[in-house]
Amino acid sequence: MTQIAFILLCHKDPDGVIAQTLRLTEVGDCVSIHFDARSSQADYARIRTALAGNPRVTFARRRIRCGWGEWSLVAATLEAVRAALTDFPGATHFYMLSGDCMPIKTAEFAHAFLEREDADYIESFDFFGSDWIKTGIKEERLIYRHWFNERQRKWWFYKSLELQQKFGLSRKIPEDLQMRIGSQWWCLRRRTVEAVLDFLKRRPDIPRFFSTTWIPDETFFQTLVAHLVPDREICSRTLTFLMFTDYGMPVTFYDDHHDLLLAQGYLFARKISPEAKALKDRLGALYAETGRQFAISDEGRRQFAYLTSRGREGRRFARRFWEVEASIGRNRTLMVVACKKWHVAKRLADRVQGLTGIPAVHYLFNEQATPLPDLGGIETTLEKRMRHRRALVRMLFEHWQTDQLLLCVDPGSIELIEDFAHDRAQMRLLEIDCQFSDDYLVGHARRVGLAGPETPVSAMDQLLPTIRYDVKFESERLRDLDLAGHSRLRQTAGVAENAAVLADFLEIPAETAREIAATDYLFVD
């Protein structure tokens, strides 16, 4: 039978710590608390008094003064783990939590989840081979000694690093360890925790080494678990749902995130805002519920990336400097068709090519499966196509031995369009203005991975206005480019009006343009 011993690291909000502990122990789980020694003694006494007599609560025997990025966080964790092992002999799993974490599943669900697979849940990626570290120092975390806190004593931190580098004072990593890295929010089996502590007793050199590394809570347990446990028994993931902004800061969840959180395939979430009173109340009551079913959609991170790039953190209007290998060609005409409904643009492109002979290419910068001729490998991936965009388009002109080429792009590819507009070739832009039903937008969200079949209705209701606004905003951005050759084809316009637009855009006879505009299936969903 599964019993979880939660290792709770906290430094503030005594009322929240008390409430969280009572919720977790109410269903039979246990909590081992480490309250930062830097924090108020009165707050700590308040917690101890409120939880006194609860047999499922214990406290670290020694309180550590903790600092971000320091060994002190690992030391505090080890103190709480040792207390939990001693006082909770029936605990089968040890789960790291902070005071900002809340359950997003029931205890019933969590226990059943852990019973399904005999495994440790901890992110454990190759330290040197993975790209887990996005910014800042990397190998320097390990091969140099760090005695100063980077946030509190920045000058000393970097000066000591500079001096060690200058005088060649690097050190070796323990030879028998393959360094691993990952999130500090793990869930480990009892025998794994016991194996780690036994290993530390035999190898005092290991904690001595990690004690002067930088941010060891992201490497210590991750490395030792991988060293002591077979790969097949490690799930390299965290069971706590957390996200980070582009600036490396944790995303905070608020009252309107309830349905989104419950739809994620995790047991807890971090960080819940202190002001999210309603969310805390609902999640607090959730853990003790029984018989609750959860529809898991797991699109939270994709939605966050989408929403933040569309306004919460601002939009980019400035031109980006892409790698430019050559011009498309001064005497060539590139006709760009921008349409959010890809099937409409594809139908138009095929119709134009069939009636005029102008070569047409579908969404080659947006869709991997776009049919393309063999161009020596430059066309094989979207990344290569985008990196060598002008060279690729020039090669298409040369492949078909033409001076005119029609190209479909998504209107969100504003930098791509702007880049082509700055080329010596003549570029014309045809924007297709379509009508969008809610059903279509739902389908679009699913196609691009923003939603799935299990996405809650409430979450979708919040997402749709943003997608609809995004489509409108993309059109405004295209107009802001103020291109001389910008035309608009409208779904709501008549055949005559659209024929005139096509005749001007394609420079073709009015009769041919009217035949294209009269295509009865052009705008059909």
Side-chain angles (χ1 to χ4, degrees), residues 4-27 29-54 56-70 72-77 79-81 83-84 94-105 107 110 149 151-152 183-186 217 238-245 249-258 261 266-288:
I4 304 172
F6 291 100
I7 308 302
L8 180 57
L9 299 191
C10 45
H11 65 281
K12 61 181 180 179
D13 189 17
D15 290 336
V17 172
I18 293 166
Q20 184 184 42
T21 302
L22 292 175
R23 283 191 299 266
L24 297 175
T25 57
E26 181 184 3
V27 297
D29 288 327
C30 306
V31 179
S32 179
I33 299 172
H34 178 277
F35 196 73
D36 195 337
R38 294 179 186 271
S39 302
S40 164
Q41 178 63 31
D43 285 347
Y44 180 58
R46 185 175 171 186
I47 295 170
R48 296 219 49 152
T49 299
L51 300 174
N54 188 330
R56 296 194 181 98
V57 178
T58 192
F59 292 85
R61 307 296 191 256
R62 183 168 63 102
R63 291 174 64 199
I64 309 291
R65 293 173 61 86
C66 297
W68 185 88
E70 297 178 1
S72 55
L73 287 174
V74 178
T77 303
E79 288 293 326
V81 166
F94 294 75
Y95 195 126
M96 270 282 292
L97 282 182
S98 76
D100 296 322
C101 296
M102 291 288 288
I104 55 175
K105 297 294 183 293
N149 188 290
R151 291 187 174 181
Q152 298 171 354
S183 166
Q184 67 269 49
W185 309 109
W186 41 253
D217 55 330
T238 175
L239 297 181
T240 298
F241 181 61
L242 65 160
M243 299 189 295
F244 292 89
T245 68
M249 300 300 293
V251 173
T252 301
F253 298 110
Y254 297 93
D255 287 341
D256 59 348
H257 290 128
H258 175 268
L261 291 176
Y266 297 81
L267 306 183
F268 284 77
R270 182 180 186 273
K271 310 170 65 165
I272 308 300
S273 169
E275 287 77 37
K277 305 296 186 185
L279 179 61
K280 284 194 168 187
D281 288 343
R282 297 178 74 181
L283 296 181
L286 174 68
Y287 198 62

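Everything numeric in this text was worked out from a predicted model, so none of it was measured. All values below were derived from every heavy atom in this structure, side-chain atoms included, with hydrogens, water molecules and symmetry-related copies excluded.
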So, for [X] and [Y], which heavy atoms are closest and what is the spacing to 0.1 Å?
{"X": "Ala288", "Y": "Val27", "value": "CA-CG1, 3.7 Å"}
{"X": "Ser98", "Y": "Arg270", "value": "OG-NE, 3.1 Å"}
{"X": "Phe253", "Y": "Ala276", "value": "O-CB, 4.0 Å"}
{"X": "His34", "Y": "Cys66", "value": "CE1-SG, 3.8 Å"}
{"X": "Arg63", "Y": "Asp36", "value": "NH2-O, 2.8 Å"}
{"X": "Cys101", "Y": "Thr240", "value": "SG-CG2, 4.4 Å"}

Are there more than 12 heavy atoms of other residues, nucleotides or ligands under 6.0 Å from atom CZ of Arg282?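 Counting neighbours around CZ of Arg282, 12 or fewer heavy atoms of other residues, nucleotides or ligands fall under 6.0 Å, so no.
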
Check the surroundings of atom CZ in Arg62: do more than 12 heavy atoms from other residues, nucleotides or ligands lie under 6.0 Å from it? no

Taking side chain to side chain contact (heavy atoms under 4.5 Å, CB included) as the criterion, tell me which of Leu22, Thr21, Thr25 meets it with Arg56. Thr25

Among Leu97, Val31, Ile33, whose side chain to side chain contact (heavy atoms under 4.5 Å, CB included) with Gln20 holds?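 Result: among Leu97, Val31, Ile33, Leu97 is the only option passing the side chain to side chain contact (heavy atoms under 4.5 Å, CB included) with Gln20.
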
Interatomic distance, [X] atom [atom1] to [Y] atom [atom2] [nearest 0.5 angstrom]:
{"X": "Ile104", "Y": "Ile272", "atom1": "CD1", "atom2": "CD1", "result": "8.0 Å"}
{"X": "Arg46", "Y": "Leu51", "atom1": "CZ", "atom2": "CG", "result": "11.5 Å"}
{"X": "Gln184", "Y": "Leu73", "atom1": "CD", "atom2": "CG", "result": "8.0 Å"}
{"X": "Trp185", "Y": "Tyr266", "atom1": "CH2", "atom2": "OH", "result": "15.5 Å"}
{"X": "His257", "Y": "Thr252", "atom1": "NE2", "atom2": "OG1", "result": "9.5 Å"}
{"X": "Thr77", "Y": "Trp186", "atom1": "OG1", "atom2": "CH2", "result": "6.5 Å"}

Between Tyr287 and Asp29, a side-chain donor and acceptor under 3.5 Å: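 Result is yes, a qualifying pair exists.
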
Determine yes or no for a side-chain-to-main-chain donor-acceptor pair under 3.5 angstrom, with [X] supplying the side chain and [Y] the backbone.
{"X": "Asp255", "Y": "Leu279", "answer": "yes"}
{"X": "Ser273", "Y": "Tyr254", "answer": "no"}
{"X": "Ser72", "Y": "Gly67", "answer": "yes"}

Going by the angle between their ring planes, with limits at 30° and 60°, are Phe35 and Tyr44 parallel, tilted or perpendicular?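 Aromatic pair Phe35/Tyr44 classed parallel.
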
Decide yes or no for Asp100 and Lys12: does some side-chain heavy atom of the first lie under 4.5 Å from some side-chain heavy atom of the second?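 Yes, at least one pair of side-chain atoms sits under 4.5 Å.
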
Does the side chain to side chain contact (heavy atoms under 4.5 Å, CB included) test come out yes or no for Lys280 and Met102, once each step is laid out? CA-CA 7 Å; Lys280 284 194 168 187; Met102 291 288 288; 4.3 Å; yes

